[in-house]
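This report concerns only the one structure given below.
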Amino acid sequence: MSREFPLERVRNIGIMAHIDAGKTTVSERILYYTGKSHRLGEVHDGKATMDWMEQEQERGITITSASTATVWRDHMLNLIDTPGHVDFTVEVERSLRVLDGVIALFCAVGGVEPQSETVWRQAEKYSVPRIAFVNKMDRAGADFLGVVKSIQKQLGANAIPVTIPIGRESHFEGIIDLVDNCAVYFDEADSGMTYREEPVPEEMREQTDQCRKKLFEKVSEVDETLFEKFCEGEHIANSELTAAIRKATHSHLLCPVLCGSAYKNKGIQRLLDAVVAYLPSPLDLPPISGRCLEGHEAERLPKDEGRLSALAFKVVADKHIGKLIYIRVYSGVLHSGSYVYNSTLRKKQRVGRILRMHANRQETIDALYTGEIGAIIGLSDTITGDTITCEKNPIVLEAIEFPAPVLSISIKLQKRSDRDRLGNALARLSEEDPTFIVKTDPETSETIISGMGELHLEIILDRLRREYQVEVETGIPQVAFRETIRSSVNWNERYVKQTGGKGQYAHIVFTLEPLPAGGGFEFVDKITGGRIPREYIPAIEKGMIDAMARGVYAGFPVVDVRVTLTDGSSHDVDSSEMAFRTCASKAFSKAFMKCGPLLLEPVMSLNVVSPEEYAGAVTSGLYSKRGTVTSMDDQGNAKVIKARVPLAGMFQYATDLRNSTQGRAAFTMHFEHYEAVPFAVAEEVLEERKREGKVH
């Protein structure tokens with residue numbers, strides 16, 4: 001079986017934007033006008049094809065990137081609709097890694113919004129060519145040229161309109177195609193399926209001529225042939241203009257901007273034409289590069305006859321058919337039933353069925369050819385970022401980088417009988433989503449789950465309940481406090497216990513004193529003259545460590561102390577290692593409480609990058625969390641704020657920062673040192689521990 005569409009007529013595209021800019025509505029119109037679906041699915045009524053998850057339909061937002069394939073003007077379009085919410089940025093990241101071109105969607109009222117900036121930078125990171133579509137031209141306050149200017153200013157893009165609106169808001173009637181120099185009107189009777197081209201209205205002739213002149217100027221700046229023709233006043237054919245725009249778009253020198261209203265069924269066909277005309281096929285892009293197993297660089301040309309190289313960019317656990325691995329093929333052909341080599345794991349695997357995905361529906365196919373995107377059943381050990389290749393001359397493609405989780409919560413089972421089911425569910429969910437991390441705190445024994453924000457973790461918990469029937473209780477993770485002392489004491493402890501038979505006897509004298517921060521624990525043996533037999537000395541140290549591990553003051557581990565063993569005595573019959581260990585543990589606890597016990601908390605080093613206008617809100621927010629700002633520097637038009645903040649105040653910080661800066665600030669955080677807790681906070685912690693029964 002040969003491929004259905006030549007490689008030059010394949011487009012791997014995605015739609016990216018801020019939340020609520022209309023990505024899913026645009027996707028639905030694309031499927032409708034290309035004949036992939038026969039009804040218009042709407043987000044607001046939960047009937048959108050691409051938003052197939054229950055959570056997406058209930059909330060009216062996109063959570064997971066949905067993939068589909070359709071045909072327009074004899075071109076195959078592999079389309080991925082990505083989420084707009086910042087919590088699901090992983091879906092955008094992995095989609096952009098495998099896409100060849102992107103439609104950047106902007107609301108005609110909101111313009112460049114916070115997440116618009118984020119996804120634009122992600123596209124720049126992967127060097128993905130973009131065209132822009134200004135949606136919602138029918139809404140009150142729509143301003144097409146204003147949005148174009150904000151794209152130029154805020155994103156630094158060389159944005160140039162290739163269509164302009166006829167009217168706006170409730171008077172939005174259609175568009176003017178500046179390349180074809182005609183007006184386009186869409187028939188409302190059949191949901192915009194048919195449209196007609198007419199001469200430009202007389203009242204818009206002057207504006208159209210000005211916009212066309214500006215388009216010719218912009219394009220001629222990046223194309224020498226057109227520049228000569230433009231300067232000499234020669235006629236420039238539409239085909240020449242289209243070819244020049246296409247070339248400049250591939251080189252990131254130009255970003256064509258179109259407009260319309262997906263909800264009102266206007267402008268989508270022209271957007272599809274622009275995808276075919278301006279966005280690249282796999283042949284238009286540089287060959288994919290990676291490394292051979294020996295370490296040197298290698299390239300794979302995009303052709304079916306080449307060696308197989310493909311990237312697994314997404315994992316989905318399907319309850320009906322098992323584990324689905326989404327694959328983008330860069331070279332060669334992937335056949336169902338064949339053996340392939342996972343060069344990341346260095347493991348041979350067998351391909352089961354190959355599926356072409358249509359959101360959550362599947363179509364079984366025999367093979368995936370170069371440039372195509374599909375899903376595979378059978379690669380059980382493969383995870384996101386793995387390279388699938390041939391065993392002879394394998395290549396390892398660059399893996400996908402994912403941002404670190406920023407918010408954590410603790411979870412506790414409501415039923416102990418669900419323990420195995422919970423472990424299995426968390427393993428599957430973390431395999432699907434690289435930004436969802438699960439770990440058990442060795443000190444508190446809590447199960448901690450971490451993600452990109454509150455909505456991200458809310459969706460995870462909802463999926464645990466619905467898909468895996470596991471009910472959990474949530475809480476803020478416990479801070480890993482520590483205990484230490486302020487002063488020293490000399491202590492004499494005698495442990496005597498008679499039980500009728502052989503008794504227990506131990507006697508130790510020691511000094512307990514504080515060490516500088518980071519000093520840990522020191523045990524100094526100064527016993528002379530055999531006052532305590534040598535075989536009991538290790539038991540005394542172990543007894544001290546037992547007490548330190550349990551905690552004395554508030555039930556947290558003890559740090560930064562020195563014990564100097566100076567004297568003691570033993571009994572020939574009743575002394576034993578256990579007696580000395582018990583004696584040391586009890587003695588340490590009593591002595592510790594006489595040395596001015598102190599509670600320590602972890603302090604984090606924080607780095608916040610924020611637009612200048614929000615710097616004040618960021619610093620005041622840090623002060624409210626008992627933080628200390630150490631420096632404030634400039635980075636372009638942003639401020640870099642460095643601070644030290646106790647971890648106890650940082651668990652909801654990602655959400656707080658997002659709210660105070662409209663989602664435009666970002667932060668990184670790492671542990672720096674332990675510091676004494678203020679008295680009032682220490683009292684609160686102590687009371688809480690007493691209520692939990694962790695300390696008496």
Side-chain angles (χ1 to χ4, degrees), residues 14 16-19 53 55-56 59 61-67 80-99 114-115 117-123 125-126 311-317 323-326 344 382-386 398-411 422-423 425-441 447-464 467-468 472 474 476-477 604 607 609 650-658 663 665-670:
M16 64 178 195
H18 185 86
I19 191 169
M53 288 176 68
Q55 294 86 350
E56 293 178 315
R59 291 167 172 81
I61 61 169
T62 302
I63 292 169
T64 181
S65 55
S67 172
I80 296 181
D81 174 26
T82 65
H85 197 287
V86 67
D87 281 17
F88 307 107
T89 187
V90 59
E91 295 291 339
V92 184
E93 191 83 21
R94 60 177 159 202
S95 299
L96 286 170
R97 174 67 174 80
V98 298
L99 292 174
Q115 191 63 6
E117 294 182 48
T118 304
V119 294
W120 190 273
R121 304 294 174 221
Q122 286 175 299
K125 171 183 171 184
Y126 290 107
L311 185 73
F313 68 94
K314 182 173 177 171
V315 176
V316 174
K323 187 173 172 181
L324 277 175
I325 309 294
Y326 281 71
T344 308
T382 298
I383 60 171
T384 301
D386 283 0
E398 185 182 346
I400 309 172
E401 286 184 18
F402 296 109
V406 295
L407 185 68
S408 302
I409 59 173
S410 63
I411 58 171
L422 175 65
L426 292 176
R428 286 192 174 191
L429 290 169
S430 59
E431 192 175 48
E432 282 188 26
D433 186 349
T435 59
F436 173 59
I437 307 296
V438 182
K439 64 178 181 180
T440 302
D441 191 312
T447 299
I448 308 293
I449 61 172
S450 306
M452 299 306 296
E454 286 176 286
L455 181 59
H456 185 197
L457 293 180
E458 182 188 320
I459 297 297
I460 292 286
L461 295 172
D462 194 41
R463 290 187 64 190
L464 275 178
E467 295 175 30
Y468 299 97
V472 295
T474 62
I476 294 175
M604 314 304 286
N607 201 57
V609 181
M650 294 304 295
F651 289 121
Q652 302 293 327
Y653 186 64
T655 305
D656 295 344
L657 183 66
R658 201 174 291 164
F667 76 97
T668 54
M669 177 176 74
H670 65 267

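Residue indices begin at 1 and follow the sequence shown.
- How far CD1 of Ile449 is from CD1 of Ile437: 11.5 Å, rounded to the nearest 0.5 Å.
- By the 4.5 Å heavy-atom criterion applied to side chains, Ile409 and Leu461 are counted as neighbours.
- When each of Leu324, Thr382, Ile325, Asp386 is paired with Val315, the side chain to side chain contact (heavy atoms under 4.5 Å, CB included) condition holds for Ile325 and for no other.
- Using a 4.5 Å heavy-atom cutoff, the side chains of Tyr326 and Val98 are not in contact.
- Rounded to the nearest 0.5 angstrom, Thr435 OG1 and Ile460 CD1 are separated by 8.0 Å.
- The CZ atom of Arg463 sits 8.5 Å away from atom CG of Asp433, with the distance rounded to the nearest 0.5 Å.
- The number of heavy atoms from other shown groups lying within 6.0 Å of NZ (Lys125) is above 12.
- Looking at heavy atoms from C-beta onward, Ile400 lies in side-chain contact with Leu311 at the 4.5 angstrom threshold.
- Counting heavy atoms from C-beta on, the side chains of Leu426 and Leu422 come closer than 4.5 Å.
- In terms of heavy atoms, Ala123 sits closest to Leu96 at N-CD1, 3.6 Å.
- Within the 4.5 Å cutoff, the side chain of Gln122 has no heavy atoms near those of the Met16 side chain.
- Remark: Glu467 does not engage Arg428 in a salt bridge, criterion side-chain N to carboxylate O under 4.0 Å.
- Here Glu398 pairs with nothing under the side chain to side chain donor-acceptor pair (under 3.5 Å) rule; sequence neighbours left out.
- Phe436 and Ser430 make their closest contact through O-CB, 3.5 Å (heavy atoms, listed as atom of the first residue, atom of the second, distance).
- Closest heavy-atom contact between Thr344 and Gly385: OG1-O, 4.2 Å.
- By the 4.5 Å heavy-atom criterion applied to side chains, Val472 and Thr447 are not counted as neighbours.
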